[in-house]
Enquirer: 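Sharing a structure, written as structure tokens. Questions coming.
Each chain gets a letter, A, B and so on, in the order its sequence line appears, and its residues count up from 1.
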Amino acid sequence: MEKVEFKLYNTLSRKKEVFEPLDPPRVTMYVCGITAYDEAHLGHARAAVVFDVLYRFLKFLGYEVTYVRNYTDIDDKIINRSQKEGTPWYEIAERYIREYQEEMAALKVLPPTHEPRATEHIPEMISLVERLIEAGVAYESEGEVYFAVEKFPGYGKLSGRRLSELVAGARVEVSEKKKNPLDFALWKASKPNEPAWESPWGPGRPGWHLECSAMSIKYCGETLDIHGGGLDLIFPHHENEIAQSEAATGKTFVRYFVHNGLITVNGEKMAKSLGNYVSVKDMLARYHPETIRLFLLTKHYRSPLDYTEKGIRDAEKALYGLYESLYFLKKVAPKREGGLSKSGEKLAKALEEFRERFLLALAEDLNTAEALAETFTLISEVNRFLPTARQASSEEAALAQKVIESLRQLTGDLLGIGTEDPESFIEKERERKIQLKGLDRELIERRLSEREAARKKKDFKTADRIREELAAQGLTLRDTPWGTFWMVEA
RNA sequence: GGCGGCGUAGCCAAGUGGUAAGGCGACGGCCUGCAAAGCCGUGAAUCCGGGGUUCGAAUCCCCGCGCCGCCUCCA
């Protein structure tokens, strides 16, 4: 493809910038993953899906992407849970990492190139701490090591904070061991009965911020092209990562910081602590993965996204519409030789525009909402074309194939939406809804064929009665030239 | 209090200087045995309010109002 100028919003500059990797065609991207202490919720899914789209788009643009997403497998919350459950910390972490991986796979999130865990990189972290102590920006205090925030001049550059203001309004925990309340732990001494690793400062475990610096440097090098995560990580997590990494290497740590907006519920942030979250597991049980992706991607990634049942159902209907058009488009077969009809010509033109606009939308700071809008614009043109396509010419049938191919390549491969075979998608969704509603598949099929027989005999009274009966169970029927099409509504 | 963001039709949501994409819904029509879906049409005198800049602003600037996030672990 021709060169597309990709613009990405950089939190460091608070502007959209043209994306140019340090060492093309290589791109390094590190995204903060989860702390494995509990089930994932929709907010985690949003982050994963957003960066999944970024990953897919970068690859589409021809870059060779090293994509790292870490797991925090040791921290206070994991230890708490472990003590509460009487389960070893590593089993807790293992359980939730595996769950997360399964759920993300179900959501069609591509696996990153590396998924490192904190506890597998203790030596790297220890040597990073040593470097920081040597550099004079970290100090030991009673078996713990802290980063001295005032020793790093750039502190606050990402989050737009000034040290003086932070100190003034500091509500951070006051520890006797810290020289400055804002200093943060690089290495924590462990209490008795807590997991511990040997270190030059005694038994302990790494601080949270440290792992990302150590692992990103290991897998991506000392300067990352892209570092991502949720908006809520800007301060202090990413700020601290910059301080640690740049103080140690003397190099720019990250060239583009990318942050996704949070999910809200009734306008409030979705969070474990607020108890207002909906788990990914729950969502996957009720909705098709692509419904969830569509819901997540209809809003620009940097804006807050309010979770509502209606929002999800709207997404589901839109997705069904997409697949139904695909379903009929796939049935277009050449019935005669010849060129394009008028509606064929319009579709051909719409297809060209679609390809161009879709890519421009993604190139403009990953505007997935607009990319989806372009998809649905094309779908409308497909629907206008479909009635005349029943007697399709050879050229029209070829065009139908090209449309399918483009949708697969763009909406499918880049957004992860519309990737399934329409027939099996529809079948799977019928089955899912039947299960959810506890309906009787066999009975439905029988009633459908009884209705078909009645219609053949022009016994419309019986046919309509059956339709009403099925409608009462949530089924909508549609009589088409290819037979009766039915769906269970949300 | 500091830093950042948001406010666009009934709902959701793009658009960030040239006269309002798309989804869901509503209404009328076509199609249909009737429906459904689809298509066609209707629907924001106008983008929270008020000033300003400009030939021209939803888009830029200023002042308000309202909502949210971060400042503590958090995607």
Enquirer: Counting primed atoms plus P, OP1 and OP2 as sugar-phosphate and everything else as base, spell out the protein contacts along nucleotides 35-41 of chain B at 4.0 Å heavy-atom distance: B, S or - for each nucleotide, 5' to 3'.
Expert: BBSSSS-
Enquirer: Counting the atoms with a prime plus P, OP1 and OP2 as sugar-phosphate, which does A:Leu294 contact under 4.0 Å by heavy atoms, base, sugar-phosphate, or nothing?
Expert: nothing
Enquirer: How far, in whole Å, is B:C39 from B:G49 if one measures between their C1' atoms?
Expert: 41 Å
Enquirer: For the NZ atom on A:Lys177, are there more than 12 heavy atoms of other groups (residues, nucleotides or ligands in this structure) within a distance under 6.0 Å?
Expert: yes
Enquirer: Taking B:G1 as the reference, what is the distance to B:A58 when you measure between their P atoms (whole Å, please)?
Expert: 32 Å
Enquirer: Given that both distances must come in under 3.5 Å, which nucleotide forms a Watson-Crick or G-U wobble pair with B:G69?
Expert: B:C3
Enquirer: Could you check whether A:Ala318 gets within reach of a base, just the sugar-phosphate, or nothing at all, counting any heavy atom under 4.0 Å?
Expert: sugar-phosphate
Enquirer: Could you work out which one of B:C73, B:A75, B:A21 sits closest to the side chain of A:Lys77?
Expert: B:C73
Enquirer: Assert yes or no for the condition that the ring centre distance of A:Phe6 to A:Phe57 is strictly below 6.0 Å.
Expert: yes
Enquirer: Can you tell me how far C1' in B:G2 sits from the matching atom in B:C61, rounded to whole Å?
Expert: 23 Å
Enquirer: Do A:His237 and A:Phe235 make the cut of ring centroids closer than 6.0 angstrom?
Expert: no
Enquirer: Just how far, in rounded Å, is P of B:G2 from CZ of A:Phe235?
Expert: 17 Å
Enquirer: Given A:Arg14 and A:Tyr9, is the side-chain contact (heavy atoms from CB on, under 4.5 Å) satisfied, shown in steps?
Expert: CA-CA 7 Å; A:Arg14 308 216 178 259; A:Tyr9 183 89; 3.5 Å; yes
Enquirer: Map A:Gly229 and A:Ala373 onto RNA chain B by nearest heavy atom, then report which one ends up closer to the 5' terminus.
Expert: A:Ala373
Enquirer: In whole angstrom, what separates A:Phe358's CZ from B:G22's C1'?
Expert: 13 Å
Enquirer: Work out how far the P atom of B:G23 is from that of B:C40, and round it to whole angstrom.
Expert: 11 Å
Enquirer: Who passes side-chain contact (heavy atoms from CB on, under 4.5 Å) against A:Lys157, sequence neighbours left out?
Expert: A:Glu239, A:Ile242, A:Glu246
Enquirer: Write down the distance between CZ (A:Arg313) and P (B:A13), rounded to a whole number of angstrom.
Expert: 16 Å
Enquirer: Here's a test for you: under side-chain hydrogen bond (donor to acceptor under 3.5 Å, both in side chains), which of A:His288, A:Glu420, A:Glu423 qualifies with A:Lys428?
Expert: A:Glu420
Enquirer: Are A:His259 and A:His238, when compared by the centres of their aromatic rings, separated by less than 6.0 Å?
Expert: yes
Enquirer: Does a side-chain heavy-atom distance below 4.5 Å link A:Glu17 with A:Lys7?
Expert: no
Enquirer: Considering only atom C1', compute the distance from B:A14 to B:A21 and round it to an integer number of Å.
Expert: 6 Å
Enquirer: A:Asp183 versus A:Lys179: any side-chain heavy-atom pair under 4.5 Å?
Expert: yes
Enquirer: Searching all strands shown, indicate the nucleotide that pairs with B:G18 (Watson-Crick or G-U wobble; both distances under 3.5 Å).
Expert: B:C55
Enquirer: Where the side chain of A:Lys269 is defined as all heavy atoms beyond and including C-beta, which of B:C70, B:G22, B:A14 is the nearest nucleotide?
Expert: B:C70
Enquirer: Nearest to the side chain of A:Glu268, which nucleotide is it out of B:G69, B:G33, B:A75?
Expert: B:G69
Enquirer: How long is the line joining NE2 of A:His238 and P of B:C71, in whole Å?
Expert: 13 Å
Enquirer: Name the nucleic acid region contacted by A:His41, choosing base, sugar-phosphate or nothing; use a 4.0 angstrom heavy-atom cut-off, strictly under.
Expert: base
Enquirer: Starting the side chain at C-beta, find the nucleotide from B:A75, B:G22, B:A13 nearest to A:Leu262.
Expert: B:A75
Enquirer: What's A:Gly267 touching, base or sugar-phosphate or nothing? Going by heavy atoms closer than 4.0 Å.
Expert: sugar-phosphate
Enquirer: May I ask you to say what A:Gly156 touches in the nucleic acid, namely base, sugar-phosphate or nothing, with a heavy-atom cut-off under 4.0 Å?
Expert: nothing
Enquirer: Would you measure the distance from the P atom in B:G69 across to the matching atom in B:G22 and give it in whole Å?
Expert: 32 Å
Enquirer: With both distances under 3.5 angstrom, what nucleotide forms a Watson-Crick or G-U wobble pair with B:U32?
Expert: none
Enquirer: Classify A:Met487 by what it touches in the nucleic acid, base, sugar-phosphate, or nothing, heavy-atom distance under 4.0 Å.
Expert: nothing
Enquirer: Expressed as a whole number of Å, how far does the P atom of B:C62 sit from that of B:C6?
Expert: 14 Å
Enquirer: Ring centres of A:His209 and A:Phe184 under 6.0 Å apart?
Expert: yes
Enquirer: Distance check needed: B:C12 P versus A:Lys317 NZ, whole Å only.
Expert: 15 Å
Enquirer: RNA chain B: A:Leu305 or A:Leu233, which has the more 5' nearest nucleotide?
Expert: A:Leu305
Enquirer: Tell me what A:Phe460 touches on the nucleic acid: a base, only sugar-phosphate, or nothing, going by heavy atoms under 4.0 Å.
Expert: base
Enquirer: State the pairing partner of B:G10; accept Watson-Crick or G-U wobble contacts with both distances under 3.5 Å, and report none otherwise.
Expert: B:C24
Enquirer: Write down the protein N/O and nucleotide N/O pairs, taken from nucleotides 3-11 of chain B, whose separation is under 3.5 Å; answer none if there are no such pairs.
Expert:
from	atom 1	to	atom 2	distance (Å)
B:C3	O2'	A:Ser159	O	3.1

Enquirer: One pair to check against ring pair (Phe, Tyr, Trp, His ring centres under 6.0 Å): A:Phe485 and A:Tyr327. What are the steps and the verdict?
Expert: CA-CA 11 Å; A:Phe485 182 95; A:Tyr327 175 82; 5.5 Å; yes
Enquirer: Determine, using ring centers only, whether A:Tyr30 and A:Tyr219 are less than 6.0 Å apart.
Expert: no
Enquirer: Please give the distance between the P atoms of B:U19 and B:C27 as a whole number of Å.
Expert: 33 Å
